[in-house]
Amino acid sequence: MQWNEFSDWGKRVAEWAQHYHQTVGDHPVRARTRPGDVLNALPPAPPETGEPIEGIFEDFERIVMPGITHWQHPRFFAYFNSNASAPSVLAEFLASAIAPQCMLWQTSPAATEMETRMMDWLRQALDLPEGFAGVIQDSASSATLAAVLTLREKALNWQGNRQGLFGQTPLRVYCSSEVHTSVDRAIWVAGIGQDNLVRVPIKGDWRGMDPAALEAAIRADLDAGLHPAGVILCVGGTGTGATDPVDACLKIAQKYGLYTHVDAAWAGSAMICPEYRHYWPGIDQADSIVFNPHKWLGVQFDCCAHFLKNPDDLVQTLAISPEYLKTHGKDGIINYSEWSVPLGRRFRALKLWFVIRAYGLEGLRARLRNHVNWSRDLHDRLAAEPDFRIVTPPMWSLWTFRYEPPGAADLDDLNLRLVNAINDDGRIYLTQTRVDGDIVIRFQAGQFETTEEDVRMAFDVITEIARTLPMTPQEDR
């Protein structure tokens with residue numbers, strides 16, 4: 001394919017994308033292929049000669065699309081949405097076309113300086129203090145890893161990268177049982193070790209960390225000769241929306257000189273609405289905060305906002321400056337590759353610029369408020385049904401429920417069969433989780449184009465399918 005053919009194919013792809021987004025709600029939400037269908041449709045060996053784009057595009061529609069779960073479907077109520085609003089897709093297209101590698105200021109000054117400004121726009125939208133600086137990471141997992149590496153280095157007086165952890169007093173990091181598993185992985189990669197990730201008990205409707213238990217765990221480790229290093233807090237956890245009492249936990253961490261990281265990957269987007277900020281009081285005292293605009297603000301994946309009270313700590317942890325990466329004769333510039341684990345960086349700030357300008361903060365707030373209100377209306381309707389029990393209350397637009405009809409032999413099995421039957425039906429998509437050992441079903445609304453009618457349909461699908469299920473798995477086979 002030559003560049004003189006590109007505009008024709010670009011128009012065709014743009015028309016295809018527009019049609020896809022306008023009709024995606026007509027498809028089953030989840031892919032219906034069986035394991036191996038796509039793999040077996042692909043030739044086992046690569047072609048020796050080039051092929052026409054026409055045939056490649058036909059195979060894209062024939063092979064790829066049947067195996068796609070439609071994350072842009074308005075009734076995708078599973079996990080957390082990975083959104084792609086129209087202006088974000090355009091920005092991604094432009095960034096892909098110019099294809100800059102934005103690791104340093106000099107390798108694309110516009111990318112660096114736009115990232116600086118966009119992160120400050122987000123800081124203002126969240127009402128964080130002016131002292132916070134931000135960087136765009138690829139995902140909350142990477143931001144959490146960067147935070148864990150930083151807390152490790154601070155605890156070791158900046159000697160961990162040089163000396164390693166061998167022979168050091170074990171470092172201890174504290175979190176609740178509700179944090180994302182990316183925290184566990186960060187602990188592994190940082191060399192701290194799973195056994196040194198201390199799970200603090202939770203309490204209350206928010207399923208947040210018990211501050212008294214946190215302090216007791218820190219003191220017990222100090223008495224045992226261990227080395228407390230940091231606290232990782234959760235705001236809007238994946239399973240149930242669990243949220244730690246941020247202010248109380250941060251005060252305890254500060255009392256013992258521990259680095260703090262707040263994972264608000266999903267719920268952080270909601271903090272552009274002032275009425276939701278009571279969920280993270282005292283957030284300005286955190287050392288590190290992360291949220292993903294790609295989860296709820298309509299920005300194309302991947303785009304993660306990582307805020308730091310003192311970015312010098314992160315830079316001291318991660319920066320490596322060989323001669324070939326230095327920018328001589330330019331003072332006061334930022335090289336964001338020194339703020340993240342990967343050296344290479346994409347032009348992610350362009351998506352934020354397009355989306356924030358296209359909708360404005362009020363347009364984005366309106367969508368978030370609608371999702372929360374519609375989800376809570378659905379919660380109220382299902383709570384009034386005699387065979388259903390609300391297990392965890394709404395946290396923003398996320399809550400969990402359990403189907404508990406009289407005579408059911410195994411409620412865990414029944415609820416797994418229910419969520420599988422709902423997803424096989426195809427009209428909506430839900431996921432399950434465990435709460436206090438029991439299987440429950442999650443609901444969350446967050447797809448950018450979801451309507452009130454889409455959310456209301458979920459009630460009909462859930463109740464209709466539930467009441468067709470046999471009470472025992474034997475009858476279902």
Side-chain angles (χ1 to χ4, degrees), residues 7 10-11 13-25 70-74 76 80-100 102 108 110-128 134-139 265-276 291-307 345-374 396-397 445-452 454:
S7 63
K11 291 173 186 175
V13 170
E15 289 169 356
W16 182 94
Q18 178 173 305
H19 178 74
Y20 172 73
H21 278 266
Q22 290 175 332
T23 62
V24 65
H70 300 291
W71 285 72
Q72 307 314 312
H73 198 292
F76 185 107
F80 291 131
N81 297 91
S82 178
N83 278 302
S85 64
S88 179
V89 174
L90 286 177
E92 188 81 322
F93 183 25
L94 291 171
S96 178
I98 59 179
C102 307
S108 278
T112 294
E113 294 179 22
M114 181 171 285
E115 182 163 345
T116 300
R117 183 65 73 204
M118 289 307 99
M119 289 306 296
D120 195 61
W121 279 13
L122 286 180
R123 178 197 64 77
Q124 295 176 56
L126 300 180
D127 196 33
L128 293 175
V135 57
I136 301 176
Q137 310 280 16
D138 56 2
S139 66
W266 165 63
S269 294
M271 301 312 185
I272 68 172
C273 302
E275 66 268 29
Y276 301 137
F291 85 97
N292 291 333
H294 67 239
K295 276 191 166 67
W296 209 357
L297 288 186
V299 178
Q300 184 100 353
F301 182 85
D302 51 7
C303 183
C304 169
H306 185 192
F307 291 98
R345 311 188 84 251
R346 301 196 305 113
F347 191 3
R348 299 183 180 96
L350 193 67
K351 297 179 286 193
L352 280 170
W353 191 48
F354 268 53
V355 169
I356 296 174
R357 291 188 65 189
Y359 297 101
L361 292 180
E362 269 306 308
L364 295 171
R365 290 184 188 113
R367 274 179 158 79
L368 292 167
R369 288 164 176 154
N370 282 339
H371 294 159
V372 172
N373 292 335
W374 297 337
W396 298 275
S397 65
Q447 204 284 322
F448 206 65
E449 303 296 340
T450 291
T451 66
E452 184 174 12
D454 290 316

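This chain uses plain numbering: 1 for the first residue, then up along the sequence.
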Distance (rounded to the nearest 0.5 Å) between S269 OG and L122 CG: 8.5 Å

Gap separating the OH atom of Y276 from the CG atom of L368, nearest 0.5 angstrom: 7.5 Å

Q447 side chain reached by R367 side chain, heavy atoms, under 4.5 Å: no

Parallel, tilted or perpendicular: rings of H371 and W296 (30°, 60°): parallel

W266 ring center near W396 ring center (under 6.0 Å): yes

Note, E92 side chain near F301 side chain (heavy atom, < 4.5 Å): no

Beyond-backbone contact of L126 with F291, side-chain heavy atoms, under 4.5 angstrom: yes

Value rounded to 0.5 Å, distance of CD in Q18 from OG1 in T23: 10.5 Å

Minimum side-chain heavy-atom gap M119-I136 below 4.5 Å: yes

side-chain hydrogen bond (donor to acceptor under 3.5 Å, both in side chains) partner of Q137, the single match among R345, R348, H306: H306

Side chains of L128 and F307 in contact at under 4.5 Å (non-hydrogen atoms): yes

Aromatic plane relationship, H70 with H73 - under 30° parallel, 30 to 60° tilted, over 60° perpendicular: tilted

From F347 atom CZ to T112 atom OG1, the distance as rounded to the nearest 0.5 Å: 9.0 Å

Identified side-chain contact (heavy atoms from CB on, under 4.5 Å) partner of V355 from the options N83, L297, L364: L364

Option among I356, D302, V299 that satisfies the side-chain contact (heavy atoms from CB on, under 4.5 Å) test with P293: V299

Non-hydrogen side-chain atoms of S85 and F354 separated by less than 4.5 Å: no

SG-CG distance between C303 and L350, expressed to the nearest 0.5 angstrom: 10.5 Å

K351 vs R346 side-chain heavy atoms within contact, under 4.5 Å: yes

